Amino acid sequence: MSALPPLSDQGNITSAPRFALSPAVHSKAERISAEWKGTSATGGTTKNFIGGEWLESKTSDWIDVVDPSTQTLLTRVPNTTGDEFAQAVDAAAHAFKTWQKTSVLSRQRIVLNLQQLLRENADAIANSIVLEQGKTVADAHGDLLRGLQVVETAIGITSMLMGEKLEVSRDMDTYVRKVPLGVCASIAPFNFPAMIPLWTIPMAVVTGNTLILKPSERDPGAAMIIAELCQRAGLPPGVLNVVHGSVNTVNAICDHPEIKAISFVGGDRAGKHIYERYTKSDLQP
């Protein structure tokens, strides 16, 4: 694990005050840092999650995440390097070989486990959202609840994945089979740091796909907690990977030939860029 370089050498990192939070809020920040592997709320670094491991980025380009009300430094988010991104895609592609063959009932069980873990750890996710994004506690819990509704829908995947058979004429039948695509990607926005990852993670993995998630570089904490809960729920290494960054990471997602589908929620300008770049890349020989 590489050491974090000095602030003067960390690219676009800016100076931010440390520990200006109130004692009650600082206590919550300390719990997040102590209890969760991939995120920090006390000035440490946010990790990449690749192949089931929490990895310190080797980047020299870091992004400060600060508490909106006090400008207190909470965490430093890496602009994931090209090699690290390639490692994440390789992990997802390798995991897909076996994950696609895993029974639907086994994948469903993991989503059931995830639902329970999300409810048990709702306060930790909400506290991370309040600190990084600035929502009220009630709104942060609502963010999670809207994502949980999709998790619950994914639990019913056994009926959604049933194939179809249609007799179109005598001695001629048409069959429909629903099969996984492969490695997919999800690009999440700043304003719903729990809801959007939970719109994509359960649906991608329960249908037999593997996923590269890029949370917003402005508030990745909730997504990192959710990723750890997926691991605790029994999701195998490489099925879910989390990388970070801004435009360069988005472009890497759009350009990689192994990625078969992209889910994006966000602004119109970014959406057009992702659509045009990904489809152009997909059409090239």
Side-chain angles (χ1 to χ4, degrees), residues 1-5 9-13 32-33 35-65 73-96 99 125 128 132 183-190 193-194 196-198 200-201 204-205 209-233 235-256 258-259 262-264:
M1 182 179 293
S2 61
L4 183 67
D9 297 330
Q10 288 182 15
N12 65 346
I13 282 186
I32 290 172
S33 296
E35 295 177 2
W36 302 98
K37 299 175 183 177
T39 187
S40 170
T42 51
T45 59
T46 295
K47 308 297 188 292
N48 290 318
F49 182 56
I50 300 174
E53 298 183 5
W54 307 94
L55 302 176
E56 187 80 72
S57 177
K58 297 180 180 178
T59 188
S60 60
D61 190 9
W62 298 81
I63 303 163
D64 275 5
V65 174
L73 178 66
L74 300 174
T75 188
R76 293 188 172 101
V77 180
N79 269 306
T80 297
T81 68
D83 287 344
E84 291 163 350
F85 178 77
Q87 183 183 356
V89 177
D90 288 346
H94 179 73
F96 177 69
W99 185 243
I125 296 171
S128 177
E132 292 184 351
V183 180
C184 302
S186 173
I187 302 170
F190 165 76
I196 302 305
L198 289 174
T200 54
I201 295 170
V205 302
N209 299 287
T210 57
L211 188 68
I212 308 290
L213 171 66
K214 194 207 83 69
S216 171
E217 66 277 14
R218 296 163 63 189
D219 53 2
M224 300 312 294
I225 294 173
I226 290 167
E228 185 166 347
L229 293 178
C230 289
Q231 187 179 48
R232 294 183 189 179
L235 202 64
V239 175
L240 172 64
N241 304 272
V242 186
V243 296
H244 303 282
S246 53
V247 176
N248 287 343
T249 308
V250 171
N251 288 343
I253 289 172
C254 294
D255 294 345
H256 203 291
E258 192 72 44
I259 294 176
I262 299 175
S263 171
F264 168 74

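Quick caveat: nothing in here was measured; it's all calculated off a predicted structure.
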For F49, all residues meeting ring-ring contact (aromatic ring centres under 6.0 Å, His included), sequence neighbours excluded: W54
Restricting to side chain to side chain contact (heavy atoms under 4.5 Å, CB included), what partner residues turn up for A223, sequence neighbours left out? P197, L213, P215
Do E84 and L55 have side chains that approach each other closer than 4.5 Å (heavy atoms only, starting at C-beta)? no
Kindly write out the residues that satisfy side chain to side chain donor-acceptor pair (under 3.5 Å) with E35, not counting sequence neighbours, or none if the list is empty. R31
I'd like to check the side chain to side chain contact (heavy atoms under 4.5 Å, CB included) partners of S40; sequence neighbours left out, ordered by chain and number. S33, T42, T75
Verify side chain to side chain contact (heavy atoms under 4.5 Å, CB included) between I63 and R76, making sure each step is shown before the conclusion. CA-CA 5 Å; I63 303 163; R76 293 188 172 101; over 6 Å; no
Report yes if the side chains of F264 and V250 come closer than 4.5 Å at any heavy-atom pair, otherwise no. no
Does N248 have any side chain to side chain donor-acceptor pair (under 3.5 Å) partners at least two apart in sequence or in another chain, and if so, which? none
Please enumerate all residues that pass side chain to side chain donor-acceptor pair (under 3.5 Å) together with T80, with sequence neighbours excluded. N48
Smallest heavy-atom separation, W62 atom then S57 atom, equals CZ2-O, 3.8 Å
Single hit among T249, D61, T59 for side chain to side chain donor-acceptor pair (under 3.5 Å) with N79: D61
Just jot down the side chain to side chain donor-acceptor pair (under 3.5 Å) partners of S263, sequence neighbours excluded, or say none. none
Check residues 239-247 and write down every donor-acceptor pair under 3.5 Å in which the side-chain atom is one partner and the other belongs to a residue at least two apart or another chain.
residue : atom : partner : partner atom : Å
N241    : OD1  : G51     : N            : 2.8
N241    : ND2  : G238    : O            : 2.8
H244    : NE2  : K47     : O            : 2.9

Keeping to residues at least two apart or across chains, list the salt bridge (Lys or Arg N to Asp or Glu O under 4.0 Å) pairs with something in residues 215-230. K214-E217, E228-R232
Taken in chain and number order and not counting sequence neighbours, the residues that satisfy salt bridge (charged side-chain N to carboxylate O under 4.0 Å, His left out) with E258 are none
Going by salt bridge (charged side-chain N to carboxylate O under 4.0 Å, His left out), name the residues that satisfy it together with D90, two or more places apart in sequence or in a different chain. none
